[in-house]
Amino acid sequence: MGVIPNGEYPRPLSTREREWIDWVLPAARKGYGEFRARLTHLVVIGEGRRGKGEFVLGNEGGTPDFSNPLPPVFAYGMIETDSGGISITVRDMADDQVSVEIVSQRSDVIPERYAEHRRWTYSTWNPGEACPQCQMECREIPMRGDRNDLPQYTLAVCPADRRLWVHDASSLVNRLIPVTNFYNELMLHKGIRDPGVALDSKNLFKNLRGYSDGDLRMAFRSYNQLKTKVPGEGFPPMEGAKEKISLKKILHLFKKT
């Protein structure tokens, strides 16, 4: 899978690899532009841990470092073609290395020629707009830190595509949020222990209307303390915040009910 011309490293990005990466990192948006600038002098130093289709950008002379967990997704986009979708995933930088995954959703090889139908990316989304993928209306929850001078954020939920992301009005970056982790925090906040509800994250979208904006804000705030998606000063620790409970502890609680 992917567009790796050969197995020899280091190598420069191919023309279309560069074009696709630049597309999901739009220079006009502050956060993406700054991230994109940091990639300027990096080269492909090897294949990623997920196999062909994923490669690692780093400083020439370096080798991929797999000692740390795979970083979270920073930018994602899809190109829909007559040969299937081509997904582009760029992950956060870690120790001057960046994982990039470019794969075909239909075959092991991305064809040299294809007819492009449309392309979409979360990187260009703004509050008030439809979901980039399905063009359906999103539910939006405005969020702000405890100080009025802090940037504003918007939590976006697309029930049709079962996606969550948070928009930073200062950097114009849209951060994708893992549904399961967010849903766990929502269940803890609501005190829901019924396994049929609490262990099936699809219920977030099925029952979305049943959760208030305050519920969703609190779940995000709690989740953000575990896996920071927006700067910590935007969402300072909650007074009297509950102890974080692991999934094992949640299952133990279920056994008692």
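All values derive from a computational prediction rather than experimental measurement.
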**Q.** R119 bridged to E19 by N-O distance under 4.0 Å
**A.** yes

Q) Under a 4.5 Å cut-off applied to non-hydrogen side-chain atoms, are I141 and Y153 in contact? A) no

(Q) In the structure I gave you, are the side-chain heavy atoms of Q97 and M93 within less than 4.5 Å of one another anywhere? (A) no

**Q.** Cationic tip of R175 above Y122 ring, under 6.0 Å, 45° of axis
**A.** no

Q. Between M143 and D213, does a side chain to side chain contact (heavy atoms under 4.5 Å, CB included) hold up when you go through it step by step?
A. CA-CA 9 Å; M143 302 185 296; D213 284 0; over 6 Å; no

(Q) Is it the case that atom CZ in R209 sees more than 12 heavy atoms from other parts of the structure closer than 6.0 Å? (A) no

Q: Would you give the length of the straight line joining atom SG of C138 to atom CG of L164, rounded to the nearest 0.5 angstrom?
A: 10.0 Å

Q. Judged by atom type as modelled, is there a donor-acceptor pair below 3.5 Å linking the side chain of T154 to the main-chain atoms of P142?
A. no

(Q) Applying a strict under-4.5 Å side-chain criterion to I, L, V, M, F, W and Y, I'd like to know whether Y223 and V73 cluster together. (A) no

Q. Quick one: does D215's side chain have a donor or acceptor within less than 3.5 Å of a partner on S212's backbone?
A. yes

Q) Under a 4.5 Å side-chain heavy-atom rule over Ile, Leu, Val, Met, Phe, Trp and Tyr, are F220 and F205 clustered together? A) yes

Q: Find out whether T124 and N174 are in side-chain contact, i.e. whether some heavy atom of one side chain is under 4.5 Å from a heavy atom of the other.
A: no

Pair up each side-chain donor or acceptor in residues 129-137 with any protein partner under 3.5 Å, not counting sequence neighbours, and list the distances.
{"residue": "E129", "atom": "OE1", "partner": "N126", "partner atom": "N", "Å": "3.0"}
{"residue": "E129", "atom": "OE2", "partner": "N126", "partner atom": "ND2", "Å": "3.3"}
{"residue": "Q135", "atom": "NE2", "partner": "C131", "partner atom": "O", "Å": "3.2"}
{"residue": "Q135", "atom": "NE2", "partner": "P132", "partner atom": "O", "Å": "3.4"}

Q.
I need the T81 OG1 to Y114 OH distance, nearest 0.5 Å.
A. 7.0 Å

Q | Donor-acceptor pair, side chain of N203 and main chain of D200, under 3.5 angstrom | A | yes

Q) What is the distance from atom CZ of R193 to atom CG of L188, rounded to the nearest 0.5 Å? A) 9.5 Å

Q. Do the side chains of V157 and L208 get nearer than 4.5 Å, heavy atoms only?
A. yes

Q: Taking ring pair (Phe, Tyr, Trp, His ring centres under 6.0 Å) as the test, write out the residues that go with F35, two or more places apart.
A: F74

Q.
Against the six-membered ring of Y76, is R163 placed for a cation-pi contact (under 6.0 Å from the centre, within 45° of the normal)?
A. yes

(Q) Let's go through F182 and L204 carefully: what are the C-alpha distance in whole Å and the side-chain angles of both, what is the deciding distance for side chain to side chain contact (heavy atoms under 4.5 Å, CB included) to 0.1 Å, and is it a yes or a no? (A) CA-CA 9 Å; F182 177 88; L204 169 63; 4.1 Å; yes

Q. Is the closest side-chain heavy-atom distance between Q105 and I86 below 4.5 Å?
A. no

Q | SB check R11 E17 (cutoff 4.0 Å) | A | yes

Q: Quick one: pull up NZ in K206 and OG in S201 and give me the separation to the nearest 0.5 Å.
A: 10.0 Å

Q: Please assess E185 against S222 for the test side-chain hydrogen bond (donor to acceptor under 3.5 Å, both in side chains), listing each intermediate value before the final yes or no.
A: CA-CA 6 Å; E185 294 304 313; S222 181; 2.5 Å; yes

Q | Worked check of salt bridge (Lys or Arg N to Asp or Glu O under 4.0 Å) between R49 and E101 | A | CA-CA 10 Å; R49 72 189 79 188; E101 189 171 10; over 6 Å; no

Q. In Å and rounded to the nearest 0.5 Å, what is the CG to CG distance from D96 to D65?
A. 11.0 Å

Q) With a 4.5 Å heavy-atom cut-off, do V100 and L13 have their side chains touching? A) no

Q: Is it possible for you to say whether L42 and W23 belong to one hydrophobic cluster, with membership spreading through side-chain heavy-atom contacts below 4.5 Å?
A: yes

Q. Below 4.0 angstrom, N of the basic side chain to O of the carboxylate: do E34 and R38 qualify?
A. no

Q. If we only count heavy atoms from C-beta on, is the Y9 to V44 side-chain gap below 4.5 Å?
A. yes

(Q) Testing the basics here: between G48 and V56, what is the closest heavy-atom pair and its distance to 0.1 Å? (A) CA-CG2, 3.9 Å

Q: List the atom of M187, the atom of V197, and the distance in Å for their closest heavy-atom pair.
A: SD-CG1, 4.2 Å

Q. How many angstroms lie between OH in Y183 and CG in L199, if you round to the nearest 0.5 Å?
A. 8.5 Å

(Q) Could you see if I102 belongs to whatever hydrophobic cluster contains L39? Use Ile, Leu, Val, Met, Phe, Trp, Tyr and a side-chain cutoff under 4.5 Å. (A) yes

Q | Non-hydrogen side-chain atoms of D168 and Q152 separated by less than 4.5 Å | A | no

Q.
To check you understand the geometry: which heavy-atom pair defines the closest contact between A75 and L25, and what is its length?
A. CB-CD2, 3.8 Å

(Q) Starting from L70, can I reach F66 by hopping between I/L/V/M/F/W/Y residues whose side chains sit under 4.5 Å apart? (A) no

Q: Of all the heavy-atom pairs spanning V173 and Y32, show the shortest one and how long it is.
A: CA-CE1, 3.6 Å

(Q) Does V179 form a side chain to side chain contact (heavy atoms under 4.5 Å, CB included) with R162? I'd like the steps, not just the answer. (A) CA-CA 8 Å; V179 174; R162 297 176 181 172; 5.5 Å; no

Q) Got a sec: does the NE2 of H41 have more than 12 other heavy atoms crowding it under 6.0 Å? A) no

Q) Looking at E54 and R91, does any basic side-chain N land under 4.0 Å from a carboxylate oxygen? A) no

Q | side chain to side chain contact (heavy atoms under 4.5 Å, CB included) assessment of I88 paired with V103 | A | CA-CA 7 Å; I88 299 94; V103 297; over 6 Å; no

